[in-house]
Amino acid sequence: MPHFDRRAFLGTLALAGAVPVAAHAAQSVELKDIAKEADTACLYHCDYGDHERFAQTLNNISNHYAAYGADPFAIQLALVAHAGGVKFFLDSLAGTMWEKETLDPILTEKIDALAKNGLKIYLCSFTFARNKIDKERARKAPYIAFVPSGVATVGALQNKGFAYLKVG
């Protein structure tokens, strides 16, 4: 399988005017296919459903990007979500254990803005299966992908040289 070169891809998008991608179902990726592509790579671990804590996680990610300036190739950030953390990436909370909650739409806007810097979101397939949530309920965004297990992804990314960060 050929290696995906993130720098070449982002450069091509920039030259092409970065045409928006149509909404599609989140893809699934294997752990072996996630590579460290920048000298500085960090993963944020989100296994909690607390809104304020999640908002702080997004603020930290934003600050992280800001510290590296305008170079999109200087840093690679990923957010791995499982357990209560997946709710922030659903199209709706209806029919889930969180259906009585309301998500602040500002959180989605912040996620979308951070994804423009290269943030990748990895959602735990086990969490969706255990909680009987159809994967089609995940937000349709090109930066969201399913992994077999959130905790296994956290460990695998650390093994690949990603630093571990968790808010709270």
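Along the sequence shown, residues carry numbers from 1.
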Residues 146-159 vs side-chain hydrogen bond (donor to acceptor under 3.5 Å, both in side chains), sequence neighbours excluded, gives none
The reported gap from CG in L79 to OH in Y143 (rounded to nearest 0.5 angstrom) is 11.0 Å
Open item on the list: Donor-acceptor pair, distance only, cut-off 3.5 Å: does the side chain of R53 make one with the backbone of V167?
Closed with: yes
All heavy atoms of E136 vs all of D134, minimum pair found to be N-OD1, 2.8 Å
| said: Donor-acceptor pair, distance only, cut-off 3.5 Å: does the side chain of Q76 make one with the backbone of F162? | reply: no
Across all chains, not counting sequence neighbours, the salt bridge (Lys or Arg N to Asp or Glu O under 4.0 Å) partners of D91 are R137
Are L43 and Y48 connected into the same hydrophobic cluster when the rule is that any two of I, L, V, M, F, W, Y join if their side-chain heavy atoms are below 4.5 Å apart? no
Applied to residues 75-108, the ring pair (Phe, Tyr, Trp, His ring centres under 6.0 Å) test, sequence neighbours excluded, yields H45-H82, H51-F88, F54-F88, F54-F89
Those residues at least two apart in sequence (or on a different chain) that pass side chain to side chain contact (heavy atoms under 4.5 Å, CB included) with S62 are L114
d(I144 CD1, I111 CD1) to nearest 0.5 Å is 7.0 Å
With sequence neighbours left out, the residues meeting salt bridge (Lys or Arg N to Asp or Glu O under 4.0 Å) with D112 are R139
By side chain to side chain donor-acceptor pair (under 3.5 Å), Y122 pairs with (sequence neighbours left out) none
Correct closest heavy-atom pair for C42 and L165 would be CB-CD1, 4.0 Å
Contacts of K135 meeting side chain to side chain contact (heavy atoms under 4.5 Å, CB included) (sequence neighbours excluded), chain-then-number -> S28, S125, F128, F146
The reported gap from CG in L157 to CG in L31 (rounded to nearest 0.5 angstrom) is 7.5 Å
For residues 155-168, the salt bridge (Lys or Arg N to Asp or Glu O under 4.0 Å) pairs (sequence neighbours left out) are D47-K166
Exercise. Counting distance only, does the side-chain N/O of Q56 pair as donor-acceptor with the main-chain N or O of E52 below 3.5 Å?
Worked result: no
Are the side chain of Y65 and the backbone of L119 linked by a donor-acceptor contact shorter than 3.5 Å? yes
Separation between OG1 (T108) and CG (L103), nearest 0.5 Å, reads 7.0 Å
Within the distance-only criterion (no hydrogens, no angle test), does the side chain of N131 pair as donor or acceptor with the backbone N or O of I133 below 3.5 angstrom? no
Residues at least two apart in sequence or cross-chain that pass side chain to side chain contact (heavy atoms under 4.5 Å, CB included) with R130, listed by chain then number, are F126
Looking at L123, is its backbone amide N or carbonyl O close enough to the side chain of T127 to form a donor-acceptor pair, meaning the two atoms are under 3.5 Å apart?
no
Hits for salt bridge (Lys or Arg N to Asp or Glu O under 4.0 Å) against K87, two or more places apart or cross-chain, chain-then-number order -> E101
Rounded to the nearest 0.5 angstrom, the CG-CD1 distance for L77 and I121 is 10.0 Å
With sequence neighbours left out, the residues meeting side chain to side chain contact (heavy atoms under 4.5 Å, CB included) with A113 are none
Do you reckon Y164 sits in the same ILVMFWY cluster as V80, going by side-chain contacts under 4.5 Å, direct or chained? yes
Nearest heavy-atom approach of P148 to C124 is O-SG, 4.3 Å
